[in-house]
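Per chain, numbering begins at 1; letters A, B, ... match sequence-line order.
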Protein chains: 2
Amino acid sequence: MNNPNKKKFSDKVINRLTLYHCILTDYMLRNIEFISSPQIAALLKIDDSQVRKDISLLNNVGKCRVGYIARDLKENIEKTLGFEKPKDAFIIGAGNLGSALAKYDNFANYGLNVLALFDNSSLKVDTKINDKQVFHISKLPDLAEKLSVEIAIMTVPREFAQITADFLVKSNIKYIWNFTPTVLFVPNNIQVWNENLMGNFLQFTYQK
Amino acid sequence: MNNPNKKKFSDKVINRLTLYHCILTDYMLRNIEFISSPQIAALLKIDDSQVRKDISLLNNVGKCRVGYIARDLKENIEKTLGFEKPKDAFIIGAGNLGSALAKYDNFANYGLNVLALFDNSSLKVDTKINDKQVFHISKLPDLAEKLSVEIAIMTVPREFAQITADFLVKSNIKYIWNFTPTVLFVPNNIQVWNENLMGNFLQFTYQK
DNA sequence: AATTAATTGTGATATTTTTCCCTATTATAC
DNA sequence: GTATAATAGGGAAAAATATCACAATTAATT
């Protein structure tokens, strides 16, 4: 009955939980002890019962008339979503976006460690970006194996997207976070997340 | 019956349509004339009837046994989602991410024109990034009014996120694309899209 | 010309997600 | 102490979304 391969939470729930986490981080900085579902709901402009349902999935209990203990809830989300089991990743493509993501130290707070970058330009190879070395792309298979890295953040120009994806798959990368405006063709055992920036933009500007 | 303020398409549909558009762009580059719903579905690992349902919303008709005319379908998506009516935007925060987005020329293909950047650092003010001028943030209200800009892409450090949002709202900005890991408190008439990068990352790495 | 197989379009069904609504609880005000 | 109002928790209903199933069409094959 309890299929261990089944995801525990839907994508929507995970997405909302990380937004609750952002709010809770802010509450911590402001030293506020309690948070209520209507407060969270108002900030995100969603229904308060939705917030309670999500939180109840974490087996987190609140106090009537008071709300939830902000610190506990924050830690509970971190534990549930695995922030404290860091995952290592490579950035493929040390251009503008790749560099920006390499400098985005917030990733580490959410359990994502960028170990290195890869590029094919000799201008970039052997430089450092935010203390992370840029290697030639040919070094990737070796380093991925040695460091057991399964996650690649792909920020190459669109014309190299598919060929790069093929190379990553051959190098035993299992997760590709695709920042190129391309849909990749990969085997079924590879997880791809299309960071569909324009789709997101249209979602919030279209007819509102 | 036909409420003109009602959105025609759900967020999910818009998101998928932009992914279909990515695929179609690739088909154009490869000079492939026809595309079928099972082909699209296989790339995105979704159901083919889902693809047909989405496409039928565009009043696009396909040919049995052949599929859809790739160029027509692409143009239909562009027309429907308004790629050809460009929208002007400002980038707020000329740091790494802001600069990367200013250099991301793909936005223009999707109807988003970045006119200028704003920052409060004198080191950045009056420089140019990809031919776009960086202005001091104090110039924003004037320029937003003169140029009728309603969209702001926010890439400031998290500690300045809320104060910046307040300032944008006062400056009559109506749409905030929020790249900071913060949930903003804004009036109900302001649209915010939280580009929740870590949420997206967790969605595709969590228990898969 | 007949057959086969691939594809669209769509109604029906199933599933997922969200919202509604009510009860129990409890801090605060009176 | 009692009343009030805000909140959590959770079952039920509603809404949204995705999948299934199949008839109709048609290009390709025989």
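- Distance, A:Leu44 CG to C:dT19 P: 12 Å, rounded to whole Å.
- Partners of B:Ser37 by side-chain hydrogen bond (donor to acceptor under 3.5 Å, both in side chains), not counting sequence neighbours, listed by chain and number: B:Arg52.
- With sequence neighbours excluded, the residues satisfying ring-ring contact (aromatic ring centres under 6.0 Å, His included) with A:Phe107 are A:Tyr104, A:Trp177.
- Remark: P of D:dG9 and CG of A:Asn60 are 8 Å apart, rounded to the nearest angstrom.
- Nearest to the side chain of B:Asp47, among D:dT19, C:dG9, D:dA18, sits D:dT19.
- Contact check of residues 24-37 of chain B against DNA chain C (heavy atom, cut-off under 4.0 Å) returns B:Ser36, B:Ser37.
- Residue contacts shown for B:Lys53 include a base, since a base heavy atom lies under 4.0 Å away.
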Between protein and nucleotides 21-30 of chain D, map the contacts as a letter string: B base, S sugar-phosphate only, - none, heavy atoms under 4.0 Å, written 5' to 3'.
B--BBBBS--
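- Atom C1' of nucleotide D:dA8 and atom CG of A:Asn59 are separated by 15 Å, given to the nearest angstrom.
- With sequence neighbours excluded, no residue forms a side-chain hydrogen bond (donor to acceptor under 3.5 Å, both in side chains) with A:Thr164.
- In this structure, the CD1 atom of B:Ile55 is 8 Å from the P atom of C:dG9, given to the nearest Å.
- Pairs of residues two or more places apart, or lying in two chains, that qualify as ring-ring contact (aromatic ring centres under 6.0 Å, His included) and include a residue from residues 35-88 of chain A are A:His21-A:Phe83, A:Phe83-A:Tyr110.
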Should A:Glu78 and A:Lys74 be marked as a salt bridge (Lys or Arg N to Asp or Glu O under 4.0 Å) after you check the CA-CA gap, both sets of side-chain angles, and the distance that decides it?
CA-CA 6 Å; A:Glu78 289 168 4; A:Lys74 178 164 174 282; 3.1 Å; yes
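- For residues 72-82 of chain A, proximity to DNA chain D is found at no residue, defined as any non-hydrogen atom under 4.0 angstrom from a strand atom.
- Rounding to the nearest 0.5 Å places CG of B:Leu202 at 9.0 Å from CG of A:Leu112.
- For A:Asp54 and D:dG10, the CG to C1' distance is 14 Å, given to the nearest whole Å.
- Scanning for side chain to side chain contact (heavy atoms under 4.5 Å, CB included) contacts around A:Asp47 gives A:Ser49, A:Gln50, with sequence neighbours left out.
- Listed by chain and residue number, nothing satisfies the side-chain hydrogen bond (donor to acceptor under 3.5 Å, both in side chains) test with B:Asn172 (two or more places apart in sequence, or in another chain).
- The side-chain hydrogen bond (donor to acceptor under 3.5 Å, both in side chains) check on B:Asp142 picks up nothing, with sequence neighbours excluded.
- When rounded to the nearest whole Å, the span between CG of B:Asp48 and P of C:dT7 equals 9 Å.
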Listing, residues 27-34 of chain A side-chain donor-acceptor contacts under 3.5 Å, not counting sequence neighbours, or none:
unit_1	atom_1	unit_2	atom_2	d
A:Tyr27	OH	A:Gln39	OE1	3.1
A:Arg30	NH1	A:Asp26	OD2	3.1

Pair up each side-chain donor or acceptor in residues 87-94 of chain A with any protein partner under 3.5 Å, not counting sequence neighbours, and list the distances.
none

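- One atom, CD of B:Gln39, and another, C1' of C:dT8, lie 14 Å apart when rounded to the nearest Å.
- Across all strands shown, A:Val13 has no heavy atoms under 4.0 Å from either base or sugar-phosphate atoms.
- A:Asp11 has its CG atom 13 Å from the P atom of C:dT16, to the nearest Å.
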